Engineer: 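Here you go, one structure.
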Amino acid sequence: MAAALPVCWLNGAFLPLAEARISPLDRGFLFADAVYEVLPVYGGRPFLFVEHMARLERSLGEIRMSSPLTRPAWATLLTELVARNGGGDMYLYVQVSRGAEEGRNHALDRALAPTVFLMAAPLAPLDPTVRDAGVSAVTLPDQRWGRCDIKSTALLANVLAKSVAADRGATEAILLADGHLREGSSSSVLVVRGGRLFAPPYGAEILPGTTRDLAIRLCARAGITVEVAPIREAALRAADEILLGFATRGILAVTRLDGAAVGDGRPGPVARRLQELFAAHRAELAGTPLLPAD
Ligand code: PDD
């Protein structure tokens with residue numbers, strides 16, 4: 001994992017990341033009382049800005065907070081952070097915590113000034129060997145909490161699942177519950193069978209994914225049938241293709257699941273088509289404004 005870029009933004013000021021400090025009484029630190037977003041940036045332009053901001057606002061609303069900045073103010077801030085870090089391709093991390101108190105209180109007894117932290121990190125182009133070979137994944141039981149639709153920084157179960165996957169030589173842990181597919185530890189999971197794309201329905205169990213939503217829109221536009229329906233473990237294991245979707249990598253093909261080949265063991269036609277469609281979409285958006293004009 002590459003080191004973060006040098007300039008961050010913390011509570012109203014740009015500063016060197018190495019000098020950024022927060023209180024240990026911050027509720028983000030004590031309780032993971034915080035939400036976050038990760039946005040890719042291509043050619044200096046944050047990708048799917050509106051979608052990420054809509055999800056951030058929703059996550060904040062679900063934890064009884066409101067966005068500390070308007071969308072135009074976020075757009076200006078993100079653009080400035082990208083520029084201060086040299087532009088080009090990178091990804092942005094945005095975290096809003098409920099703020100620091102004078103002690104440790106579970107109860108939310110008063111409004112605090114939120115802690116707002118943004119940093120940038122390099123986004124290396126996808127290694128062609130990985131794109132051509134796909135990645136391996138393992139299945140694990142989903143041990144997370146009941147509100148995985150909130151993009152909360154309480155990621156301990158995700159972190160542990162990812163570590164088990166790494167111990168087994170896999171890139172991702174695909175989480176299962178009640179005999180059904182949920183999502184990856186840090187990705188949405190889509191399944192292809194008979195040329196159709198299947199996605200599990202949204203609910204409290206999974207995060208609404210910006211990459212998954214775009215993949216579905218691009219498939220629909222390209223004439224690939226999409227079905228949103230519960231996916232049984234057996235259907236996952238019998239899939240022709242399994243796709244991971246996440247902001248920092250777009251679409252990646254899973255070619256081995258628990259050591260067994262997925263389909264013919266190589267990235268399939270839908271994965272490859274979606275990777276092309278994503279690249280074309282990124283090119284289409286280059287130079288366009290982040291926010292629609294009023
Ligand atoms: N993770 N599901 C989970 C649990 C995730 O953590 C992510 C993204 C996704 C995909 O969402 P999107 O397509 O909007 O990135 C689904 C980010 C990349 C992270 O935590 O770093």
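Predicted model, so just to flag it, every value in this text is computed and none were measured. Both ligands and their constituent atoms are indexed starting at 1 by order of listing.
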Engineer: Could you tell me whether the side chain of Pro200 reaches within less than 4.5 Å of the side chain of Ile206, counting heavy atoms only?
Structural biologist: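 Side chain of Ile206 against side chain of Pro200, heavy atoms only: contact under 4.5 Å found.
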
Engineer: For atom 6 (O) of ligand 1, what is the nearest protein heavy atom, given as residue, atom name and distance?
Structural biologist: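 Checking every protein heavy atom, the shortest distance to atom 6 (O) of ligand 1 gives Ser186 CA, 3.4 Å.
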
Engineer: For Glu183, counting its heavy atoms only, list the atoms of ligand 1 lying under 4.0 Å from any of them.
Structural biologist: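 Ligand 1 atoms under the 4.0 Å threshold to Glu183: 2 (N), 3 (C), 4 (C), 16 (C).
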
Engineer: Please check if any side-chain donor atom of Ser185 sits under 3.5 Å from a side-chain acceptor atom of Glu172, or the reverse.
Structural biologist: yes

Engineer: So if I count the atoms of ligand 1 from 1 in the order they appear, which ones are less than 4.0 Å from some heavy atom of Ser185?
Structural biologist: 4 (C)

Engineer: Where on Cys148 is there a heavy atom closer than 4.0 Å to ligand 1, on the side chain, on the backbone, on both, or on neither?
Structural biologist: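 The answer is neither; Cys148 stays 4.0 Å or more away.
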
Engineer: Using heavy-atom distances, let me know which of Ala157, Gly209, Ser187, Pro40 sits nearest atom 9 (C) of ligand 1.
Structural biologist: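 It is Ser187 whose heavy atom sits nearest to atom 9 (C) of ligand 1.
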
Engineer: Start with the C-alpha distance between Arg144 and Glu205, add both sets of side-chain angles, then the distance that settles salt bridge (Lys or Arg N to Asp or Glu O under 4.0 Å), and finish with yes or no.
Structural biologist: CA-CA 9 Å; Arg144 300 173 303 160; Glu205 307 78 23; over 6 Å; no

Engineer: To the nearest 0.1 Å, how far is atom 17 (C) of ligand 1 from its closest protein heavy atom, and which atom is that?
Structural biologist: Lys151 NZ, 3.5 Å

Engineer: Do Trp74 and Ser67 have a side chain donor and acceptor closer than 3.5 Å?
Structural biologist: yes

Engineer: So which heavy atom in the protein is nearest atom 20 (O) of ligand 1, and how far is it from that ligand atom?
Structural biologist: Tyr36 OH, 2.6 Å

Engineer: Extract all donor-acceptor atom pairs below 3.5 Å that involve side chains of residues 35-44 and protein atoms in other chains or at least two apart in sequence.
Structural biologist:
from, atom 1, to, atom 2, distance (Å)
Tyr36, OH, Lys151, NZ, 3.1
Glu37, OE1, His52, ND1, 2.8
Glu37, OE1, Arg55, NE, 3.3
Glu37, OE1, Arg55, NH2, 2.8
Glu37, OE2, Arg55, NE, 2.8

Engineer: Tyr93: heavy atom below 4.0 Å from ligand 1, yes or no?
Structural biologist: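 No; Tyr93 lies far enough from ligand 1 that no heavy-atom distance drops under 4.0 Å.
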
Engineer: Can you sort out which atoms of ligand 1 are near Gly184, meaning under 4.0 Å from one of its heavy atoms?
Structural biologist: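 It comes down to these atoms of ligand 1: 4 (C).
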
Engineer: Of all the atoms in ligand 1, which lie at a distance below 4.0 Å from a heavy atom belonging to Ser188?
Structural biologist: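 In order of numbering, the contacting atoms are 9 (C), 10 (C), 16 (C).
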
Engineer: Using only atom types and a distance under 3.5 Å, with no angle test, would you say the side chain of Asn11 pairs donor to acceptor with the backbone of Val116?
Structural biologist: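 Here the side-chain-to-backbone pair exists.
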
Engineer: Quick one: do the Arg27 and Thr115 side chains pair a donor with an acceptor below 3.5 Å?
Structural biologist: no

Engineer: I'd like to check which ligand 1 atoms, numbered from 1 as shown, lie under 4.0 Å from a non-hydrogen atom of Arg55.
Structural biologist: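 Going through ligand 1 atom by atom, the ones under 4.0 Å from Arg55 are 11 (O), 12 (P), 14 (O).
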
Engineer: Side chain, backbone, both or neither: which part of Thr211 has a heavy atom under 4.0 Å from ligand 1?
Structural biologist: both

Engineer: Rounded to the nearest 0.5 Å, what's the gap from CZ on Arg249 to OG1 on Thr171? Could you check?
Structural biologist: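 Those atoms lie 11.0 Å apart.
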
Engineer: For ligand 1, is any non-hydrogen atom under 4.0 Å from Thr210's backbone (N, CA, C, O), its side chain (CB onward), both, or neither?
Structural biologist: both

Engineer: May I ask you to list the atoms of ligand 1 that are less than 4.0 angstrom from any heavy atom of Val38?
Structural biologist: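 Ligand 1 atoms under the 4.0 Å threshold to Val38: 19 (C), 21 (O).
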
Engineer: Considering heavy atoms of the protein only, find what lies nearest to atom 15 (O) of ligand 1 and give residue, atom and distance to 0.1 Å.
Structural biologist: Ala247 N, 2.8 Å

Engineer: With no hydrogens and no angle check, do the side chains of Arg237 and Thr139 hold a donor and an acceptor under 3.5 Å apart?
Structural biologist: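 Thr139 and Arg237 do have a side-chain donor-acceptor pair below 3.5 Å.
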
Engineer: Looking at Ile251 and Gly245, what are the two nearest heavy atoms and their distance?
Structural biologist: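 Looks like CD1-CA, 4.1 Å.
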
